[in-house]
Peer 1: 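The structure that follows is given in the form of structure tokens.
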Amino acid sequence: MSRAKREKLNQTLNSHLSNIHETFQILDQTPPASLDKVGWDEVIKMGEQVHKQATIVGMLWTGETPEVAALEESMAAYFNMLQGFLLLSHGSKVGAGPTLSSSIHASVKLVVDASFRLLKESVSSYGSRNRDQKLTIPQLAGAVWNACSALKKTPATNITAIGRAMTQIAVSMKDVLREMKELKPTSSDPTDPTSDEASNKAESIPENNDNSSDGDLGNDLSSEEMKIAVSVISVVTEILAVIKELIRCITGLIKQEDANKSSNFVDSLEHLLMLCQGVGVQVDELGACLYPPQEIPAMKAATEKISVSIDEIQAVIENLGGTTEAFVLACNVLRSSLGQLNSAADDSSVADLAPEMQKLAVTT
């Protein structure tokens with residue numbers, strides 16, 4: 001009898017799961033602009049209702065095994081609430097760019113996945129003699145609560161979503177910068193004062209995170225290579241300053257996002273993020289080029305790409321009307337650092353050619 005009831009519950013569950021799967025597919029589609037936009041606060045409120053339904057499911061298992069009718073009723077109420085939650089989430093994506101849409105999709109999926117695990121375990125526990133299995137249900141209900149609470153941390157606007165994505169790029173750059181600052185010259189040459197000077201400059205450049213590792217990566221740089229390293233560290237430091245000011249610039253555009261219904265505004269923000277991602281790739285390239293033997297041509301190519309990207313970033317933010325004096329100053333300081341790096345790279349190339357030229361002179 002118990003097996004038959006559980007089979008019936010499974011059939012009911014699978015029917016509900018199938019409907020939710022179909023509805024969830026809507027999130028992969030871009031909602032039409034004609035659709036009324038749903039505020040993210042409405043999604044959060046609906047998430048709270050989903051959490052309440054999860055609590056009800058959990059409470060059913062605090063005593064004796066619940067009746068089939070009670071389980072079916074709780075499932076029906078839960079899935080109706082989940083259906084409404086998904087439809088509201090889809091409506092919140094009106095006007096959302098790829099970055100915001102991705103954040104919304106990820107947060108909603110957490111709620112759906114946690115709900116599925118809870119309800120599947122609830123049905124599986126019916127008629128089971130495994131007491132430990134029943135004890136997991138409150139824990140799974142708690143997981144639904146966590147997923148619904150995380151909705152409050154989900155970005156509600158394109159600007160917020162893109163700003164957070166830029167912040168993550170900056171975090172990755174800081175990791176690269178930390179590794180760069182671990183580079184040391186092989187030894188101090190008493191006849192070459194630039195060796196100690198370069199090392200001291202590398203250590204004096206400020207960094208927000210001081211949790212450097214104790215490894216000895218690349219501690220065999222010559223004095224010339226150390227000069228290049230110091231210049232690269234300066235460039236990356238100034239890039240971080242530019243991104244910091246850029247985030248402030250786009251944050252100041254929040255009122256424009258509320259008033260501007262054109263997709264061009266969001267496209268511009270997405271383009272800024274893409275440019276920052278490209279700069280991040282070039283920072284990784286610069287970091288890789290620092291280890292001996294240093295790859296000067298690749299280094300110069302990376303600086304050129306960074307320079308082009310910064311010019312374009314500045315042009316886009318000016319077009320959006322979000323430029324600040326601090327941002328312009330940060331860009332100019334970065335350009336100066338890029339110029340110094342190129343000069344140091346040129347000097348290094350000449351120094352590398354000198355021995356070859358001497359050999360050529362001797363043979364002739």
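Start at 1 with the first residue, then count along the sequence. The figures that follow rest on heavy atoms only: side chains count, while hydrogens, waters and symmetry mates do not.
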Peer 1: Is it the case that the side chain of N319 and the backbone of A315 share a donor-acceptor pair, with hydrogens and angles ignored and the cut-off at 3.5 Å?
Peer 2: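 No, N319 side chain to A315 backbone: no donor-acceptor pair under 3.5 Å.
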Peer 1: State, yes or no, whether a side-chain contact exists between L329 and E245 at a heavy-atom distance under 4.5 Å.
Peer 2: no
Peer 1: Any side-chain heavy atom of Q294 sitting closer than 4.5 Å to one from E224?
Peer 2: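 Q294 does not reach E224 side chain to side chain.
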Peer 1: Would you say V281 and L275 are hydrophobically clustered, going by side-chain heavy atoms of ILVMFWY under 4.5 Å?
Peer 2: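 Each belongs to a different hydrophobic cluster.
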Peer 1: Could you give me the CA-CA distance, side-chain angles and deciding distance for F79 and Q53, then say whether side chain to side chain contact (heavy atoms under 4.5 Å, CB included) is met?
Peer 2: CA-CA 9 Å; F79 280 110; Q53 290 299 322; over 6 Å; no
Peer 1: Could you label the plane-to-plane angle of the H21 and F116 rings as parallel, tilted or perpendicular, counting under 30° as parallel and over 60° as perpendicular?
Peer 2: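 The rings of H21 and F116 stand perpendicular, inter-plane angle above 60°.
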Peer 1: Looking only at side-chain N and O atoms, does T303 offer a donor or acceptor that is under 3.5 Å from a partner on N342?
Peer 2: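 Looking only at side-chain atoms, T303 and N342 do form a donor-acceptor pair, the distance falling under 3.5 Å.
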Peer 1: Ion pair present between K45 and E48, side-chain N to carboxylate O less than 4.0 angstrom?
Peer 2: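 The answer is no: the pair does not qualify as a salt bridge.
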Peer 1: Taking side chain as C-beta onward, heavy atoms only, is I306 less than 4.5 Å from L286?
Peer 2: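 Yes, close enough: below the 4.5 Å cut-off.
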Peer 1: Would you give the length of the straight line joining atom SG of C148 to atom CE of M46, rounded to the nearest 0.5 angstrom?
Peer 2: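 Taking SG in C148 and CE in M46, the distance rounds to 11.5 Å.
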Peer 1: Please check this pair: side chain of S309 against backbone of K305, looking for a donor-acceptor N/O pair closer than 3.5 Å.
Peer 2: yes
Peer 1: Given the rule in the side chain to side chain contact (heavy atoms under 4.5 Å, CB included) test, do L86 and I26 qualify, once you have shown the distances and angles that lead to the verdict?
Peer 2: CA-CA 8 Å; L86 289 175; I26 296 177; over 6 Å; no
Peer 1: Going by atom types alone, do Q340 and S231 pair a side-chain donor with an acceptor below 3.5 Å?
Peer 2: no
Peer 1: Could you tell me whether the side chains of E270 and T99 share a donor-acceptor contact shorter than 3.5 Å?
Peer 2: yes
Peer 1: About how many Å separate OG of S107 and NZ of K152, when rounded to the nearest 0.5 Å?
Peer 2: 13.5 Å
Peer 1: Evaluate whether atom CD of E318 has more than 12 neighbouring non-hydrogen atoms of other residues, nucleotides or ligands under 6.0 angstrom away.
Peer 2: yes
Peer 1: Is it the case that the side chains of Q29 and H90 hold a donor-acceptor pair, with the cut-off being a distance below 3.5 Å and no angle test?
Peer 2: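 Per modelled atom types, H90 and Q29 side chains form no pair under 3.5 Å.
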Peer 1: Do F85 and T23 come close enough that some side-chain heavy atom pair is under 4.5 Å?
Peer 2: no
